[in-house]
Each structure stands twice: as C-alpha cells, then as structure tokens.
Amino acid sequence: MTNPIMNTYGRADVAFVKGDGAWLTDQNGKRYLDALAGIGVISLGHAHPEVTKTIEQQANQLLHTSNLYQIPAQTELATLLTKISGMDNAFFANSGAEANECAIKISRLYGQQKGISNPTIIVTDAAFHGRTMATLTASGTRKVQAGFEPLLNGFVRAPFDNIEAIKTIAKNNNNIVAIMIEPIQGEGGIQIPEADYLPQIRKICDENDWFLFLDEVQTGNGRTGSYFNYQQSGITPDLLTTAKGLANGVPIGVCLARGKAAEVFVPGNHGSTFGGNPLACAVATTVVKYIEKHNIADRAAVVGERMLKAFEQRLSGHNHVKNIRGKGLMIGIELDAPCTDLVARAMAKGLLINVAVDNVIRLLPPLTISDAEADQIVDTICDLLAQQ
Ligand SMILES: *Cc1c(COP(=O)(O)O)cnc(C)c1O
C-alpha cells in the first residue's frame, strides 16, 4: 500500500484526537503527559480557552485580506512585540524558517548597500535554523544539508560558544555583515553558552558594524524564563526571529529589527501572502498578552529550576548520565550513548519526550504545567533511566 504522505518523518504509531492543558488523548482513549508540546509550540497548553475563544471570534469576523491593505491586528501585535523586545519594527511570516529568511535577506541587502558584493553571515556548528535552502545552509549539521547541494554562498562557520573564533573571522574576512546565532541551541541538544558569550558578540558586532541576529524561534515567548532569552544577557540584538510558541499552535513567525536593520527594506524587497494575517495575529496577540499578564516566563523559570534540581538530585552518579542542563522549561539530559529508544519507552508509560542529536533527552513542556505534572515528568524519566 502506498502512503499518500511524503516520506519526510519517521512517525510514531499514534494519533492524538484531543488535547487539554499538558495532556493528550489518543484514538484508543489512552492519556499522555506532553513534555514536548508540539516541539515547543503549545506553550499555554492544548485547547487553551482564551486561544480557542480568539480563534472563534476572528474566524467569525475575518481570516485574510492580504498585505495590500492595513491590518490593525498586525499593527497591534507588532506594537506589543517591539515594546517587549526593544526592537523597532516587525515583519510577519508563517514559520521559523521564513522569519529567518527575512533576517538573512535584510543582512544581505544591508551589506550590498554598503558596497559588500559578497555579504557573508557567520553561523555556528550544530546550529538549526530551518529547512529552506538558506536556513539549511545556515544550519550546522550535515544531516539537514546532505544531498541538497549546491548550498548557498555567503555563510562562514564558527564553533558555538567560542569568541576567539569570531575574532579570528573578524580579522580575516571583510565581507561579514551579520552573525546569526541561537542564544541556546535547541535541536543541537540544549547547548547553553557561557554567560558572557552574547555580550562579547554584541561588542564585536558593534566594533565591526555587523548585525547581531538572534534566532529565538525556540527560546522565545517565555520558554527560558524571560520573554526572550537575550533579555537575561543585558544586550539587544539588531535582528530577532521567533515563531514556535508565539501563537500556541497557529502558524506564525516574526522577524523583528532595530536601528539600521529596521530601515533596510522598502516596498518590493520582501513579502508574504499569508504572513501577518488577521487570524494568526489575533491569536498571537492573545498569547503574548497572556504570557505577560500571567508572568508565564517567571513561572517557566521556577518550574524549570524545580525540574532541573530534581533531575540533578536523582540522576547524579547515574552511570550513563553525562550532563543535565536547562534554562526555564528548555531542559536537556545528555547520556553517554544514543538513546532514541527512550522516546517509545516513555510513550508506553504515557509520556511524550524528544531526543535531540541522538543522545540528549529534550524536554519542552507547556509553560503552564503544574508542579505535580512537572514532578510526574521527572519521575517517569528517572524510572526509565533506572533501567538504562
Ligand atoms: C524550529 C526552529 C526553526 C525552524 O522553524 P520552522 O517553523 O520549522 O520553520 C528555526 N530555528 C530554530 C532555533 C528552531 O528551533
């Protein structure tokens, strides 16, 4: 029998029919605690009543008009996001990769306007920026690139969390226009850089007139204990992208720009048919306001700390656990060997998790989980690892 779905994912043999907070129910009525949240998307939990209400209201009113007309919901969302982030303006897209494409185009156009005919962006090892041609070129794993050559020109790579490498590039390459970086690498296995990494990069960018371009597609929207992760480093980027948790499951991405980066585009440079439509913007506005009003980022920091401490207590000395790390509700447990089998074993016990780079258990639960749900995630994972 042929599968009408293209063969792009190795899918688990389960389909969910209903969600409620941090819980999902499958076709057989079995319940699962969702510690992955649709890959960091369902930050307020499944079937959140305020999100549902906004979708209903907006669907009754207006879904789409195109960017050829004013879209007040887009302006409202942009106003909220620029205020929270300290950025100046926003371009709305439909995904993380698309938001990154926008920032890549701004960086290149800025370079061209300065007379750099081969504008080049510094990217890092193990980075993940998406699956479009530009963003897979920017990504740092051969897995997403192999077979899709020719890749794009205009990217140079440095090791992650290594300032000296950036300084060396600064000395030897006159074509650099931006450095594109995840403040915490997600797909790369929850890699958290030294505290002074972003401030030092900010300084190098200022000295060289480069844009600091932060990909907060995964770390944004309260996930790591502040609305954006960079807010914990006392710096502000020139370009900033986010997507995943922005509208709790309705597709949206945004590229925010500041200063010179905010003035690069003119009409005709970039666009999107669906981007920033009234539905996506109304839902994102509800989500952003909810995150702010209910201090969801602070809550993520507290629950994340609780989980991290519990893991450290219960797994320290475990033969196969190499490292436990996290910020807010972005948690990684690194084992000394591949552990992708844990995904199915956790699922059998009613827990949804993910494994990144083959040997890091990655947890991205809804930011609204209760202490009891957090403890249950910890218990189940520790039980599974006890048999490892
Ligand atoms: C998921 C992710 C992307 C890609 O987002 P899509 O919505 O899948 O295009 C880009 N960057 C980071 C850091 C991500 O985690």
Side-chain angles (χ1 to χ4, degrees), residues 6 8-9 11 36-43 85 91-105 107 121-141 143-145 148 152 155 157 160-161 178-193 197-198 201 212-224 227-230 237 239-256 272 274-277 280 283-284 287 326-332 354-357 360 362-365 367:
M6 272 199 200
T8 56
Y9 279 90
R11 293 170 197 267
L36 186 57
I39 321 184
V41 167
I42 309 296
S43 291
S85 63
F91 177 87
F92 291 101
N94 309 288
S95 67
E98 268 184 73
N100 284 338
E101 288 277 345
C102 175
I104 291 168
K105 284 178 69 176
S107 302
I121 298 173
I122 299 176
V123 290
T124 63
D125 288 341
F128 182 76
H129 297 299
R131 299 287 196 153
T132 62
M133 283 309 305
T135 59
L136 74 83
T137 299
S139 294
T141 46
K143 213 172 86 180
V144 305
Q145 297 172 342
F148 299 112
L152 270 64
F155 292 92
R157 200 162 303 281
F160 186 65
D161 198 14
I179 172 160
M180 173 180 191
I181 206 149
E182 296 156 90
I184 295 175
Q185 290 186 333
E187 305 298 311
I190 317 293
Q191 301 294 345
I192 307 172
Y197 186 50
L198 288 187
I201 289 183
L212 172 51
F213 163 8
L214 293 181
D215 176 348
E216 294 230 25
V217 169
Q218 193 162 148
T219 51
N221 310 298
R223 172 70 45 196
T224 74
Y227 196 92
F228 290 105
N229 179 264
Y230 70 81
L239 290 162
L240 167 67
T241 56
T242 195
K244 289 191 166 84
L246 180 54
N248 213 55
V250 172
I252 187 170
V254 64
C255 170
L256 292 147
S272 168
F274 290 125
N277 65 74
V283 177
V287 170
K327 261 276 168 350
L329 284 170
M330 191 169 180
I331 295 174
N354 174 249
V355 168
V357 292
V360 180
R362 178 170 59 153
L363 305 176
L364 301 167
L367 309 182

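Atoms within each ligand, like the ligands themselves, are counted from 1 in listed order. Just the heavy atoms: all of them, side chains too, but no hydrogens, waters or symmetry mates, feed the values below. If you read the sequence from its start, that first residue is 1, and numbering goes on from there.
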Atom 11 (N) of ligand 1: nearest protein contact (heavy atom, Å) = Asp215 OD2, 2.7 Å

key: Reference residue Asn100; test side-chain hydrogen bond (donor to acceptor under 3.5 Å, both in side chains); the match among Thr132, Thr241, Thr135   = Thr241

message = Parallel, tilted or perpendicular, judged at 30° and 60°: which one describes the rings of Phe213 and His129?
response = tilted

query = Which part of Glu182 is near ligand 1, with near meaning a heavy atom under 4.0 Å away: side chain, backbone, both or neither?
reply = side chain

request  = Given side chain to side chain contact (heavy atoms under 4.5 Å, CB included), test Tyr230 with Ile181 step by step and report yes or no.
outcome  = CA-CA 11 Å; Tyr230 70 81; Ile181 206 149; over 6 Å; no

remark   = atom 6 (P) of ligand 1 sits nearest the protein heavy atom Gly96 N, 3.5 Å

query = Taking the side chain from Arg362 and the backbone from Gly189, do they hold a donor-acceptor pair closer than 3.5 Å?
reply = no

Any donor-acceptor pair under 3.5 Å from Ser43 side chain to Leu367 backbone = no

request  = Mind checking whether Lys244 contacts ligand 1 via backbone (N, CA, C, O), side chain (CB onward), both or neither, at a 4.0 Å heavy-atom cut-off?
outcome  = side chain

task = Just need the protein heavy atom nearest to atom 9 (O) of ligand 1, so name the residue and atom and give the distance.
result = Ala97 N, 2.8 Å

query = If you count the non-hydrogen atoms of other residues, nucleotides and ligands that lie under 6.0 Å from OH in Tyr197, is the total more than 12?
reply = yes

query = Hey, does Val357 have a side-chain heavy atom less than 4.5 Å from the side chain of Lys143?
reply = no

key: For ligand 1, the portion of Ala243 having any non-hydrogen atom under 4.0 Å away   = neither

message = Is there a polar contact, in the sense of an N or O pair closer than 3.5 Å, between Gly130 and ligand 1?
response = no

request  = Check the side chains of Thr124 and Gln185 for a donor-acceptor pair under 3.5 angstrom, ignoring hydrogens and angles.
outcome  = yes

Where ligand 1 meets His129 - atom numbers and elements under 4.0 angstrom, heavy-atom basis = 10 (C), 11 (N)

query = Relative to the heavy atoms of Asn100, which atoms of ligand 1 are at a distance of less than 4.0 Å?
reply = 10 (C), 11 (N)

ask   = Which ligand 1 atoms are under 4.0 Å away from a heavy-atom of Ser95?
value = 7 (O), 9 (O)

ask   = How does Thr219 reach ligand 1, if at all, at less than 4.0 Å between non-hydrogen atoms: by side chain, backbone, both, or neither?
value = neither

